[in-house]
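Notes for the one structure printed next.
Residue numbers run from 1 in the order of the sequence given. This structure is a prediction, so every number in the text was calculated from the model and none was measured.
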Amino acid sequence: MARRTLLAGTAAGLAAPALAQGEAARTLRFIPQADVTVLDPLQTTSYAVRNHGHLCWDTLYGLDADFRPQPQLAEGHEVAEDGRRWTFTLRAGLRFHDGEPIRAADAVASIRRWMARDTHGQTLAARLQAMQALDDRRFELRLSRPFGVLLDALAKFSAYPCFVMPERFAALPPTTALTEIVGSGPYRFVAAERRAGDRVVYQRFDQYVPTPAGTPAVTAGPKLAQFERVEWRIIGDGATAGAALQAGEVDWWENITPDLRPLLARRRDVVLDRLSRHGLVAMLRPNHLHPPFDDPAARRALLPALSQADFMQALFGDDRSRWRDGLGCFPIGSALASDAGLAALTAPRDMAAARAALAATGRAGQKVVMLHPADQQVNSALTLVANDLLTRMGFAVEDATSDWGTMLQRRARMEPPGQGGWNAVVAIFGGEDLLNPGGHPLLRANGRGAWFGWPDSPALEALRDEWFDAPDLPAQQAIGARIQSRFLEDLPYWPLGQYQVDTAYRRGLVIGRRGLTLPLNVRREA
């Protein structure tokens, strides 16, 4: 309560917005959830970097409000040979930010680079016989086996989107990070004004041609850059961000911190809104390469003691309208959610049983290096609960506290914890990223090709392949239940709960795109 009172007083004492009225009308001031630590959206699953990507680049297809693929840069496609040949046509008049036309060869090179990194893309690559440009606007994919979710894969908006970039950049290996942005999207990145930890700036690209098809939602429909300039203000402290929003120094705060919601809800000049349908899912990811969590028995030992409610209450208290426990490997309320094997997480919690199970593995007392991004309030709160759980079970927890950018760099290291690696880290993904095994980043278990933590489970991988070939939703759901049962045996990660997050913006701002918090199709009322 003292913090909220202080915040209200601070906001009242701040100066009027720094921008002049005319400039404010042309500039959107946005607080993202984190800094843009790297420019290349194929280098990280950070949502801040993903959203930066959606301003700078466009995709061939986007997802509408019902998560159905709709054309973006693509004009359309044809399917032949029982789903084994796909021919795509680009819209006419498309240009990159350097003025050069967007060609089929650019799309082909972009798909190749994306396939090496993305979970859907890796499966597509295994079925791809040939891919080539037919002319400047048409290209084709020839497959050894049908891949019915091809459009869904090209349209995915996260982890990782298939952004279309010039061939000369797309020809770089995905392990080589881009240092220059020549985009295909509605905004240009202004490199000269980037200040790490402080500001990222985008300028409207006047030659961008929005798709004429569809209704704006998620990433489908016309993408309209209705502000001349978008400034991302990097403010890691929630109290400072909240004060800036109340004072009118910024227009929009992407993800408000849970403790400030009651205060902001009382402000007439601030609107609280929920743009995402499935909210966020919290997970604790172990490193499968090194002790103690290279042993599946050690991973399973946590199950009797892990209380999803403890993690969620650390964020929202007892307000169950904001969070759910009883979460398996698919979001609660989604098509593949089931109760298969869930008793391992929902039965009465038993710390003594967990300690005994850990002792039986011989891993009790071993060190666990926990990555802890202290400048991310939600991640930090969940990390503290995880530290306490592991300590009470009998591990020797080392809290590796850092900022967000440093954590992301260390998370990518495969070396042992004593050589700069790690043992566990909290991961938070939007529920939309986890709806099926094809796109679920943390459910992929292909060893060193998997998401950070690198689990290796041939059984999970075989079930995933089976899901791709399922003929209909009931068959997919049956496989999904088997996947969840196997998931709770192999435990590529521990699910911590599902929750809703609010965005907040100044009254008078009109949000024209829902389903994903992106500063596109946004305008200010006259």
Side-chain angles (χ1 to χ4, degrees), residues 38 40-47 49-50 113-127 149 153 156 158-162 173-175 177 281-296 298-300 302 328-330 336 369-371 407-417 420-430 433-468 479-480 482-496:
V38 296
D40 187 345
L42 287 186
Q43 300 304 304
T44 176
T45 52
S46 162
Y47 282 176
V49 176
R50 174 203 69 185
R113 188 171 194 260
W114 162 81
M115 282 194 306
R117 183 72 80 182
D118 180 70
T119 55
H120 273 93
Q122 291 166 355
T123 304
L124 171 62
R127 303 184 182 201
V149 297
K156 66 188 302 187
S158 198
Y160 298 87
C162 185
T175 53
V281 172
M283 297 161 279
L284 181 60
R285 177 71 150 193
N287 190 327
H288 294 247
L289 299 181
H290 307 293
F293 298 129
D294 59 336
D295 181 357
R299 299 195 297 271
R300 287 193 294 269
L302 265 71
C329 60
F330 301 111
L336 297 187
V369 176
M370 178 74 72
L371 299 185
M407 186 280 289
L408 292 179
Q409 293 176 5
R410 186 169 182 179
R411 188 182 69 180
R413 300 191 63 172
M414 292 186 179
E415 292 87 351
W422 55 279
N423 291 115
V425 63
V426 168
I428 300 174
F429 276 79
D433 279 342
L434 314 176
L435 295 177
N436 62 66
H440 195 316
L442 273 71
L443 199 55
R444 192 80 205 268
N446 56 331
R448 291 176 180 259
W451 195 82
F452 312 105
W454 308 287
D456 188 358
S457 170
L460 276 175
E461 286 292 292
L463 286 167
R464 179 178 180 271
D465 287 343
E466 191 176 334
W467 178 86
F468 273 114
I479 296 168
R482 291 164 56 204
I483 286 174
Q484 181 160 286
S485 294
R486 187 72 218 184
F487 161 80
L488 289 165
E489 287 290 319
D490 294 347
L491 285 172
Y493 66 89
W494 299 283
L496 304 182

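- Remark: side-chain polar atoms of R50 are not paired, donor with acceptor, to backbone N or O of T45 under 3.5 angstrom.
- V149 pairs by the side-chain contact (heavy atoms from CB on, under 4.5 Å) definition with H120, F147, D152, F468, not counting sequence neighbours.
- By the 4.5 Å heavy-atom criterion applied to side chains, L408 and S46 are counted as neighbours.
- What you find for M283 and L442 is that their closest heavy atoms are SD-CD2, 3.8 Å.
- Applying the side-chain contact (heavy atoms from CB on, under 4.5 Å) test to P437 and every residue at least two apart in sequence or in another chain returns F330, L336, L443, R464, W467, I483.
- Applying the ring-ring contact (aromatic ring centres under 6.0 Å, His included) rule to H440 yields the partners Y493; only residues at least two apart in sequence or on another chain are considered.
- H288 places no side-chain N or O within donor-acceptor distance of the main-chain N or O of G447, the cut-off being under 3.5 Å.
- In this structure, CG on D118 lies 9.5 Å from CG on L124, to the nearest 0.5 angstrom.
- Distance alone, capped at 3.5 Å, is enough to place a donor-acceptor pair between the D40 side chain and the L42 backbone.
- Residue pairs meeting the salt bridge (Lys or Arg N to Asp or Glu O under 4.0 Å) criterion with at least one partner in residues 433-442, sequence neighbours excluded, are absent.
- To the nearest 0.5 Å, atom CG of residue N446 and atom OG1 of residue T123 are 8.5 Å apart.
- Rounding to the nearest 0.5 Å gives a distance of 13.5 Å between CG of L463 and CZ of F487.
- Judged purely by atom type and a 3.5 angstrom limit, R117 has no side-chain atom pairing as donor or acceptor with the backbone of Y160.
- Of all the heavy atoms in P286 and L284, the pair that sits closest is CD-O, 3.5 Å.
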Exercise for the section: Please report the C-alpha distance between V426 and M407 in whole Å, then the side-chain angles of each, then the deciding distance to 0.1 Å, and finally whether the side-chain contact (heavy atoms from CB on, under 4.5 Å) criterion is met. Expected result: CA-CA 11 Å; V426 168; M407 186 280 289; over 6 Å; no
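- Proximity of W422 to R411: side-chain heavy atoms (C-beta onward) are separated by under 4.5 Å at one or more points.
- Of all the heavy atoms in G439 and N436, the pair that sits closest is N-OD1, 3.0 Å.
- Applying the side-chain contact (heavy atoms from CB on, under 4.5 Å) criterion to L289, with sequence neighbours excluded, gives N287, M414, R448, W454.
- Listed here is the closest heavy atom pair of P161 and S158: CG-N, 3.8 Å.
- Judged by distance alone, with hydrogens and angles left aside, the side-chain atoms of R285 form a donor-acceptor pair with the main-chain N or O of F452 at under 3.5 Å.
- Here the closest non-hydrogen pair linking A298 and P292 is CB-O, 3.4 Å.
- Taken to the nearest 0.5 Å, the NE2 atom of H290 stands 8.0 Å off from the CG atom of N423.
- No side-chain donor-acceptor contact under 3.5 Å links E415 to the backbone of G421.
- Distance alone, capped at 3.5 Å, places no donor-acceptor pair between the Q484 side chain and the I479 backbone.
- Every ring-ring contact (aromatic ring centres under 6.0 Å, His included) that W494 has, sequence neighbours left out, goes to F293.
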